[in-house]
Amino acid sequence: MAIGLHQPILDWYAANARDLPWRRPEASPWAILVSEIMLQQTPVVRVLPIWEEWMARWPTPEALAAEPPGEAVRHWGRLGYPRRALNLHACARAITADHGGEVPSAYEELRRLPGIGDYTAAAVASFAFGRSHAVLDTNVRRVLARAVRGEEYPPTATTAAERRLAESLIPAVDAPRWAVAVMELGALVCTARGPRCADCPVAARCAWRLAGRPAYEGPERRGQTYAGTDRQCRGRLLAVLRDAHGPVPKAALDAVWDDPVQRERALDGLVADGLAEPLPGGTYRLPA
DNA sequence: GAAACGTGGGG
DNA sequence: TCCCCAAGTTT
């Protein structure tokens with residue numbers, strides 16, 4: 001079906017790949033795992049400085065495991081979705097306790113670690129250990145939707161058909177390089193908005209382009225709400241805890257969000273998620 | 001399967 | 001300005 005995509009994309013990647021630190025030969029499996037979690041729903045440019053700091057501070061799972069979880073949250077900064085910091089900390093402890101301090105190489109074992117789903121397990125197994133897996137992230141799904149299926153966007157949720165297609169395209173040799181090449185094409189050329197078909201190595205055989213780039217016809221793609229939501233409130237509250245260096249009086253939290261009902265709900269949520277810790281006396285801090 | 005979960009930059 | 005969306009996972 002999609003014969004002929006491989007070589008042009010691999011050649012394009014050889015000439016256009018970004019020099020990202022977690023792609024360098026000296027990057028450890030731990031460094032790659034950390035990058036993959038940080039990159040979930042987060043642009044590369046924002047991840048870069050935080051990743052550098054984490055690698056300098058915690059070069060091994062053991063180093064991070066020795067810290068309280070709150071330190072991971074503190075040094076997560078404003079990357080977003082801070083439960084990922086907790087997940088990474090829990091990964092470090094599990095790897096230290098159950099895997100001799102070495103990131104497991106098998107997909108199934110990676111998949112059992114907190115915050116590691118289908119994509120991340122496949123990515124780490126591929127990029128850190130050279131295993132052959134279908135690496136289905138939003139970039140790959142979009143490239144395949146366009147180039148093969150002829151549609152502007154992939155379905156809302158990953159389908160079995162997409163997985164079958166991705167698996168059918170895995171080359172016998174150097175599957176990880178193919179995976180990262182397709183991802184990179186999606187990230188730099190075959191973007192969600194304003195795809196640069198003039199720069200695309202497979203434009204001549206892209207089903208979507210050959211069909212005249214028809215507009216997306218699937219179900220409405222729901223936007224993410226944020227302003228005024230619990231999510232925004234949680235972010236405000238956590239920022240206060242992160243930027244403090246000891247227990248924070250409740251009043252300091254009350255000061256950053258007006259609606260008391262929503263504020264209490266958000267704070268309870270942070271505590272329930274393990275991102276905040278109530279102390280006797282009515283103060284709060286990052287989890288120790 | 002839908003909804004929750006942060007944040008900031010580009011079009 | 002406002003909207004979209006960025007290497008997803010969990011409940």
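Just so we're clear, the structure is a prediction, and the values are computed from it rather than from any experiment. Convention: sequence-line order gives letters A, B, ...; per-chain numbering from 1.
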* **Intermediate values then yes/no, side-chain contact (heavy atoms from CB on, under 4.5 Å), A:Arg213 and A:Cys197** => CA-CA 10 Å; A:Arg213 294 175 54 156; A:Cys197 297; 3.3 Å; yes
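Within 3.5 Å, no donor on the side chain of A:Arg83 pairs with an acceptor on the base of B:dC5, nor the reverse. Interface remark: the A:Gln41 side chain does form a donor-acceptor pair with the C:dG8 base, using a distance-only criterion of under 3.5 Å.
The NE2-P distance, from A:His133 to C:dG8, rounds to 18 Å in whole Å. As rounded to whole Å, 10 Å separates atom P of C:dT9 from atom CG of A:Asp137. Atom CE in A:Met38 sits roughly 16 Å away from atom P in C:dT9 (whole-Å rounding). Put simply, CG on A:Leu188 is 13 Å from P on C:dA6, counting in whole angstrom units. A:Leu275 has its CG atom 11 Å from the P atom of B:dT7, to the nearest Å. The separation between A:Tyr216 atom OH and C:dC3 atom C1' is 17 Å, rounded to whole Å. The CH2 atom of A:Trp257 sits 12 Å away from the C1' atom of B:dG6 (whole-angstrom rounding). As a whole-Å value, the separation of A:Arg84 CZ from C:dT10 P is 13 Å.
Residue A:Gly80 is classed as a base contact, given a heavy-atom separation below 4.0 Å to a base. At the heavy-atom level, A:Arg142 lies under 4.0 Å from the strands shown only through sugar-phosphate atoms. Within the nucleic acid shown, A:Ile116 comes within 4.0 Å of sugar-phosphate atoms alone, with no base atom in reach, counting heavy atoms only. Residue contacts shown for A:Thr138 are limited to sugar-phosphate atoms, with no base heavy atom under 4.0 Å away.
Here, C:dG8 and B:dG1 have their C1' atoms 16 Å apart, quoted to the whole Å. Comparing C:dA7 with B:dG11, their P atoms are spaced 14 Å from each other, to the whole Å. For the P atoms, the distance linking C:dT11 with B:dG6 amounts to 14 Å, nearest Å.
Geometrically, A:Arg146 engages A:Tyr153 in a cation-pi contact defined by less than 6.0 Å to the ring centre and at most 45° from the axis.
The nucleotide whose nearest atom lies closest to any side-chain atom of A:Arg231 is, among B:dC5, C:dA7, C:dA6, B:dC5. When each of C:dG8, C:dA7, B:dG10 is scored by its nearest atom to the side-chain atoms of A:Arg193, the top-ranked nucleotide is B:dG10.
Of the two residues near DNA chain B, A:Val45 and A:Thr42, the one whose nearest nucleotide lies more 5' is A:Thr42.
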